[in-house]
Asker: 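Sharing a structure, written as structure tokens. Questions coming.
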Amino acid sequence: MRPALALLLTAAALLAAHHLRPAPYGDRLTTGPAAATAPTALRTRAGAVEAYDPATGALRWRYARTGHRPLDVVRHARGDALALWDDGTVTATTTGPHTPAVRWHRTLPATAGWLPAQGGSGVLRPLGHGILGVVTPPRVSAYRIADGDLRWVLPARDGCAFTPARGLRHAGAVLLAQPCADAAWTAQVVAVDDLGRVVPHRTPLGNELPGARGTGKGLASPR
């Protein structure tokens, strides 16, 4: 009996330790009283991302991360809340009629040198067809919103840097500023969409989820 009792006590201790572990990335997701049957609106407030009923203002859910605050949040057409945090982490949270959940985290490299001063404006750029563009000075990275899979990366030209806040949508693409000290103005504007840089005769990358169509990854077309 004693070995069995010891085994039970050990299992109970391991279970308790598992429940006491802090949530990964410091996640704290709480739900409010409002039923999520209609589209939600999003806002950042008091160090958290909040989804609320646009008609009544009732809170549906609140997502915070211990020790961090959101800099920006955008909504994807399918209902995901895509947030950029002050430590350079990008998160995706479901906002639809089901129970909200934080589905993925992606941490951007080397953000300490520019993100605090830049403030996050223009970093998150939904590109259509389920792809999120993340614009940083050294590169543009594209993630599949459904699962956070990295689909392509477009580095800035040598001696140049992207300016996240300077961008606009035009005819299905996003035009991004890439200032260079010694380059024609045409080289300082880059157009991207869900497939990467917009150039003639490019090869489709297959950004769909596995099993839908092609699933191959690839880098953006040459600069």
Asker: P126: what forms a side chain to side chain contact (heavy atoms under 4.5 Å, CB included) with it, not counting sequence neighbours?
Answerer: V74, L132
Asker: Would the number of heavy atoms belonging to other residues, nucleotides or ligands and lying under 6.0 Å from CZ of R166 be above 12?
Answerer: no
Asker: Where do F162 and T136 come nearest, in terms of heavy atoms and distance?
Answerer: CB-O, 3.5 Å
Asker: Hey, is CZ on R69 packed in by over 12 heavy atoms from elsewhere, all under 6.0 Å?
Answerer: no
Asker: Distance only, no hydrogens: is a donor on one side chain within 3.5 Å (strictly under) of an acceptor on the other, for T91 and W85?
Answerer: yes
Asker: Any salt bridge (Lys or Arg N to Asp or Glu O under 4.0 Å) pairs touching residues 112-141, not counting sequence neighbours?
Answerer: none
Asker: Which residue pairs pass the disulfide bond (SG atoms under 2.5 Å apart) test when at least one of the two sits in residues 129-166, sequence neighbours left out?
Answerer: C160-C180
Asker: Is any side-chain N of the basic residue among R65 and D87 closer than 4.0 Å to the acidic one's carboxylate O?
Answerer: yes
Asker: Under 3.5 Å, is there a donor on one side chain and an acceptor on the other for T66 and R28?
Answerer: yes
Asker: Looking only at heavy atoms, which two atoms of D193 and A173 are closest? And how far apart?
Answerer: CB-CA, 4.4 Å
Asker: Taking side chain to side chain contact (heavy atoms under 4.5 Å, CB included) as the definition, give me every residue that meets it alongside A142, ordered by chain and number, with sequence neighbours left out.
Answerer: I131, W152
Asker: For H105, enumerate each residue passing the ring pair (Phe, Tyr, Trp, His ring centres under 6.0 Å) test, keeping only those at least two apart in sequence or located in another chain.
Answerer: Y25
Asker: Please name the pair of heavy atoms, one in W104 and one in L82, separated by the smallest distance, quoted to 0.1 Å.
Answerer: CZ2-CD2, 4.3 Å
Asker: Taking only residues two or more places apart in sequence, or in another chain, which ones meet T30 in a side chain to side chain donor-acceptor pair (under 3.5 Å)?
Answerer: none
Asker: Looking only at the side chains, is there a donor atom on one of D27 and Y63 sitting less than 3.5 Å from an acceptor on the other?
Answerer: yes
Asker: Which pairs with one or both residues in residues 102-116 pass salt bridge (Lys or Arg N to Asp or Glu O under 4.0 Å), sequence neighbours excluded?
Answerer: D80-R103
Asker: Using side-chain heavy atoms (C-beta onward) and a distance below 4.5 Å, is L195 in contact with R151?
Answerer: no
Asker: At their closest point, which heavy atom of R157 faces which heavy atom of Q178, and how far apart are they?
Answerer: N-OE1, 2.9 Å
Asker: Which residues satisfy the salt bridge (charged side-chain N to carboxylate O under 4.0 Å, His left out) test with D86, sequence neighbours excluded?
Answerer: none
Asker: Under a 4.5 Å cut-off applied to non-hydrogen side-chain atoms, are V192 and L176 in contact?
Answerer: yes
Asker: Sequence neighbours left out, cut at 3.5 Å: what donor-acceptor pairs do the side chains of residues 108-118 make with other protein atoms?
Answerer:
| from | atom 1 | to | atom 2 | distance (Å) |
| --- | --- | --- | --- | --- |
| W114 | NE1 | A110 | O | 3.3 |
| Q118 | OE1 | G120 | N | 2.6 |
| Q118 | OE1 | S121 | N | 3.3 |
| Q118 | NE2 | S121 | O | 2.6 |

Asker: The criterion is side chain to side chain donor-acceptor pair (under 3.5 Å); which residues satisfy it with T107, sequence neighbours excluded?
Answerer: T89
Asker: Tell me which pairs pass disulfide bond (SG atoms under 2.5 Å apart) where either residue lies in residues 107-145, with sequence neighbours left out.
Answerer: none
Asker: Linking Ile, Leu, Val, Met, Phe, Trp and Tyr by side-chain heavy atoms under 4.5 Å, what else ends up with L175?
Answerer: L168, V189
